[in-house]
Amino acid sequence: MLKINNLHARVEDKEILRGINLTVNAGEVHAIMGPNGSGKSTLAAVIAGKEEFEITEGEVFLEGENLEDTSPEDRAHKGIFLSFQYPVEIPGVSVTNFMKTAINESRKAKGLEDMPAKDMLKLIREKSEMLEIDRKFLSRSLNEGFSGGEKKRNEIFQMAMLEPKLAILDETDSGLDIDALRIVANGVNKLKSKDNAVIVITHYQRLLEYIVPDFVHVLHNGKIVKSGTKDLALELEEKGYDWLKQETVV
Amino acid sequence: MAYTEEELKKELETKEYEYGFYTDIESDTFPIGLNEEIVIAISKKKEEPEWMTLWRLESFKIWKEMVEPEWANVKYKKPDFQAISYYSAPNKKPKYDSLDEVDPELLDTFKKLGISLDEQKKLAGVAVDIVMDSVSVATTFKKTLAEKGIIFCSISEAIKEHSELVKKYIGSVVPQKDNFYAALNSAVFSDGSFCYIPKGVRCPMELSTYFRINQAGTGQFERTLVIADEGSYVSYLEGCTAPSRDENQLHAAVVELIALDDAEIKYSTVQNWFPGNKEGLGGVFNFVTKRGLCEKNAKISWTQVETGSAVTWKYPSCILKGDNSIGEFYSIAVTNNYQQADTGTKMIHLGKNTRSTIISKGISAGKSQNSYRGLVQVNSRADNARNFSQCDSLLMGNECGAHTFPYIEVKNKTAQIEHEATTSKIGEDQIFYCNQRGINTEKAIALIVNGFSKEVLNKLPMEFAVEAQKLLEISLEGSVG
C-alpha cells in the first residue's frame with residue numbers, strides 16, 4: 001500500500017525527517033509514537049503532500065506509484081486521508097456541503113458524475129449513525145465553534161464518508177474524553193478492512209487499546225528508531241521515551 | 001506545485017476581466033463638455049416638459065458651486081468633467097415586441113454575458129428593462145404589469161407620461177444639492193428606470209434592469225425612481241457589467257426609493273463594472289447615491305454584490321422616517337488588483353421603534369483597498385430604535401487592505417446599537433485542508449468565499465444569487481494550471 005524509502009524533509013532550514021523507511025501493507029494498522037518534536041505530524045503532512053515541506057531525499061510510493069509530483073488533492077483522490085490534529089474552521093460552509101463537494105470532486109477526478117442527492121443522503125445517514133453523530137451537527141459550519149471532541153469525531157466522519165485506502169490519524173485521541181474515544185475508535189475499527197490501511201499517530205498507549213496496531217514504530221529525531229508489535233507501546237507507556245533516546249545514542 | 005499565498009496572489013492578478021468586449025452599435029453622441037446648452041440639449045433630445053428642463057438647470061447651477069468630495073478612502077485621478085460626452089443613445093431605438101426585432105449584435109452581447117434575452121424570457125416571472133447606453137431599447141412583460149396597474153418603464157418615458165408622479169417624488173429623497181455627484185446626475189441624467197406599485201398591490205414578478213456602459217468616454221448618469229404606494233410590495237433587481245476600456249469611465253447614478261405606509265421594497269444589485277486591468281489601468285469610477293425613504297411600518301432592504309469598478313463610492317441608505325419602519329443593508333464587496341471600494345450604508349432613525357440591520361462582507365485580494373463606511377444615526381425622537389451591524393472582512397494575500405469606519409450618532413437614550421466586526425484571512429491551512437479532502441485550490445477558494453458571503457447571498461432572489469455566486473468566482477479565481 002504505502003512504501004517510504006529514506007525520506008528526508010525539511011521546512012526552511014530545519015531538517016525534520018532524516019531518513020524514514022516504512023512499509024504499510026493493506027489490512028494493517030501501524031502506530032507511530034514518539035516524543036514531541038520527533039517529526040510525527042510532519043511525516044503525516046508529507047505523505048498527504050503538504051508543500052511547505054521540502055523533500056530533499058527519498059520517495060513515497062502509494063500502491064507502487066511515486067507520489068513526488070502528485071498534488072494534495074490528487075493524493076486524496078487516490079485514497080489518502082489525513083485526520084488533522086488541528087482541523088481548520090471554514091465559516092459558512094456546512095459539514096454536509098463540504099462533504100458533498102469533497103465526494104463530488106473525487107468522483108469528477110475519476111470521470112464519474114456527481115453522486116445523486118438521494119445516495120448522498122443515504123450515505124450521510126448511515127455514516128453519522130455509525131459515529132453517533134446528531135444530524136443537526138452536520139448543518140453547522142465546518143469546525144466553527146466545535147469542541148475538541150466534536151472536531152475529531154467530525155474528522156472520522158469525513159473519513160467514513162470518503163472511504164480512503166490509507167487513513168492517517170494524527171493525534172485523533174487528543175482532546176477526546178473516554179466515551180468519545182471509544183466511539184471514534186469503534187468507527188475506525190468498523191471502517192478497517194483487508195483492503196485498506198491505517199496509520200495511527202499518538203503519544204499515548206490509550207488509543208491503542210481500542211485500535212489495536214499490528215506494528216508500533218517509535219520516531220525520534222526524524223528517524224524510526226525502533227519498531228515492534230503492540231507490546232512496544234506498553235513498554236513505552238511504562239518506561240517513557242528516555243531509554244530509547246539513550247539506546248539510539250549508544 | 002506548491003500552492004503558497006504568493007501563487008494565490010499571482011493567480012488572482014492574472015485573472016483578467018472576462019466580459020471585456022465592445023459592441024459597435026451606431027450611436028448618437030453629444031460633443032464633449034458641460035454647460036447650460038448641453039443640459040438644455042439633453043432635455044430637448046428627450047422631449048421633456050419644461051419643469052424638468054428647469055429642474056436640470058437648477059441642478060447644474062448647484063453643481064457648479066460644489067466641489068468634489070475627498071473624504072472617502074480612495075485615491076484616483078479626478079475626472080475632467082469637460083472631457084466627457086453627456087449623452088449617447090443607440091440610433092435604432094424602436095420599442096420591440098419580440099426578440100427577432102432586436103439588433104443581433106446586442107443579442108450577441110447579452111449572450112456573452114450569459115444573460116441573453118432569450119434566456120431571460122424563459123426565466124418566467126422576470127420582466128427586463130434593458131438600459132443600453134442610456135436609452136431603453138427593450139421592455140418585456142409590460143402588459144402583465146399593466147394589468148395590475150404597475151408602471152415599469154424608463155425614467156424618460158415616465159417624465160412624459162407619468163409627469164405628476166415623477167414631479168412629486170424626484171429629488172425628494174436625494175435632493176439636487178445632496179452631494180457633488182447627485183447634483184451632476186440631476187443635471188445631466190440620461191435615462192434610468194421608473195417603477196410605481198399602486199396601493200396594496202404585490203408585484204407578481206421580480207423587476208430587473210440590466211445597465212451597461214458601452215460607448216468610449218461616455219459618462220453614465222442613470223436615474224432610478226421606485227415608488228411603492230401604501231401596503232404594496234416590490235422586489236427590484238439591477239445588475240450590470242461593462243466592456244473593457246483604457247480610459248476611465250464615470251458612472252454617477254442616483255437611485256431613490258420611496259416606501260409609503262406599510263409598503264416594502266427589496267432592492268438587489270449585482271455590480272460588475274469594468275474594474276481596470278491588473279496594472280490598475282482603466283476601469284469605471286462608480287460614484288453612486290442610493291437612498292430610500294420609509295414611511296410608517298414600511299421596509300426597505302438593500303442587497304448588493306459589488307465586484308466591479310476601479311473606484312467605488314456607494315452608500316445605499318435608509319431614512320427610517322415612519323414609526324416601526326425597518327431598514328436593511330446586506331452587502332458583499334469584492335476588490336482585486338488595484339480596485340478601491342469605499343462602501344457602506346447610512347441608517348437614519350427618525351421614527352419610533354425603527355429597526356435597522358447591516359451585514360457587510362468585504363473581500364480584498366491583490367493590491368486592492370476595501371473600506372466599509374457606515375453611519376447609524378438615532379434622532380432624539382426615535383424612541384426604542386435598534387440597530388445591529390456586522391462587518392466582516394476577508395483578506396487574500398499580504399498586499400491588500402480592509403478598513404472599517406463605523407460612525408454611530410445616538411441622541412436618544414432608549415436606543416440599542418450593536419456593532420460586530422471581524423477580519424480573517426484565507427490561510428494556507430484552510431486551502432490545504434480542502435486539498436487534502438480532494439478539493440482543488442480554485443474550488444476551495446470558491447467554497448470559502450461563498451461560505452463567507454452566505455448570509456448576504458441568501459438574501460438575493462434565487463436566479464440572482466446564482467449569477468452573483470458566479471461573479472464572485474470570476475472576480476477571485478484564476479484558471480488553476
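Because the structure is predicted, anything quoted here is derived from the model rather than measured. Below, chains carry the letters A, B, ... as their sequence lines are ordered, and counting in each starts from 1.
Top candidate by heavy-atom pairs under 4.5 Å with chain B, chosen from Pro91(A), Ala109(A), Pro164(A), is Pro91(A).
Just one of Leu17(A), Thr56(A), Ile55(A) meets the side-chain contact (heavy atoms from CB on, under 4.5 Å) condition when paired with His8(A); it is Thr56(A). Results of the ring pair (Phe, Tyr, Trp, His ring centres under 6.0 Å) test with Trp302(B) over Tyr267(B), Tyr330(B), Tyr236(B) single out Tyr267(B) as the only residue that passes.
Residues Ile448(B) and Val93(A) fail the side-chain proximity criterion, which asks for heavy atoms closer than 4.5 Å. In this structure the side chain of Glu12(A) never reaches within 4.5 angstrom of the side chain of Glu52(A), judged on heavy atoms.
Sorted by first then second residue, the salt bridge (Lys or Arg N to Asp or Glu O under 4.0 Å) pairs that include residues 356-366 of chain B, not counting sequence neighbours, are Lys361(B)-Asp392(B), Lys361(B)-Glu455(B).
Using a 4.5 Å cut-off between heavy atoms, Asn97(A) touches chain B through its side chain atoms alone. Using a 4.5 Å cut-off between heavy atoms, Pro87(A) contacts chain B through both its backbone and its side chain. For Phe452(B), the part sitting under 4.5 Å from any heavy atom of chain A is the backbone (N, CA, C, O) and nothing else. Both the backbone and the side chain of Ile80(A) come within contact range of chain B, each with at least one heavy atom under 4.5 Å from a heavy atom of that chain. No part of Tyr86(A) comes within reach of chain B, as not one of its non-hydrogen atoms sits under 4.5 angstrom from that chain.
Between Phe84(A) and Tyr433(B), the ring planes lie tilted relative to each other; the angle falls in the 30° to 60° range.
Take Tyr407(B) and apply the side-chain hydrogen bond (donor to acceptor under 3.5 Å, both in side chains) test, not counting sequence neighbours, and it matches Arg373(B).
In summary, the aromatic rings of Phe329(B) and Tyr372(B) are positioned with their centroids too far apart to meet the 6.0 Å limit.
A salt bridge links Lys165(A) to Glu63(A): at least one charged side-chain nitrogen sits closer than 4.0 Å to a carboxylate oxygen. The pair Lys78(A)-Glu65(A) meets the salt-bridge criterion, since a charged nitrogen lies less than 4.0 angstrom from a carboxylate oxygen.
Side-chain atoms of Ser364(B) do not come within 3.5 Å of backbone N or O of Leu395(B) as any donor-acceptor pair. A donor-acceptor pair under 3.5 Å is absent between the side-chain atoms of Asn337(B) and the main chain of Gly366(B), judged by distance alone.
Listed by sequence position, Ala45(A), Ala48(A), Gly49(A), Lys50(A) are the residues of residues 41-50 of chain A in contact with chain B, using a 4.5 angstrom heavy-atom cutoff. Residues from residues 147-162 of chain A that place a non-hydrogen atom less than 4.5 Å from a non-hydrogen atom of chain B comprise Glu155(A), Gln158(A), Leu162(A), given in numerical order.
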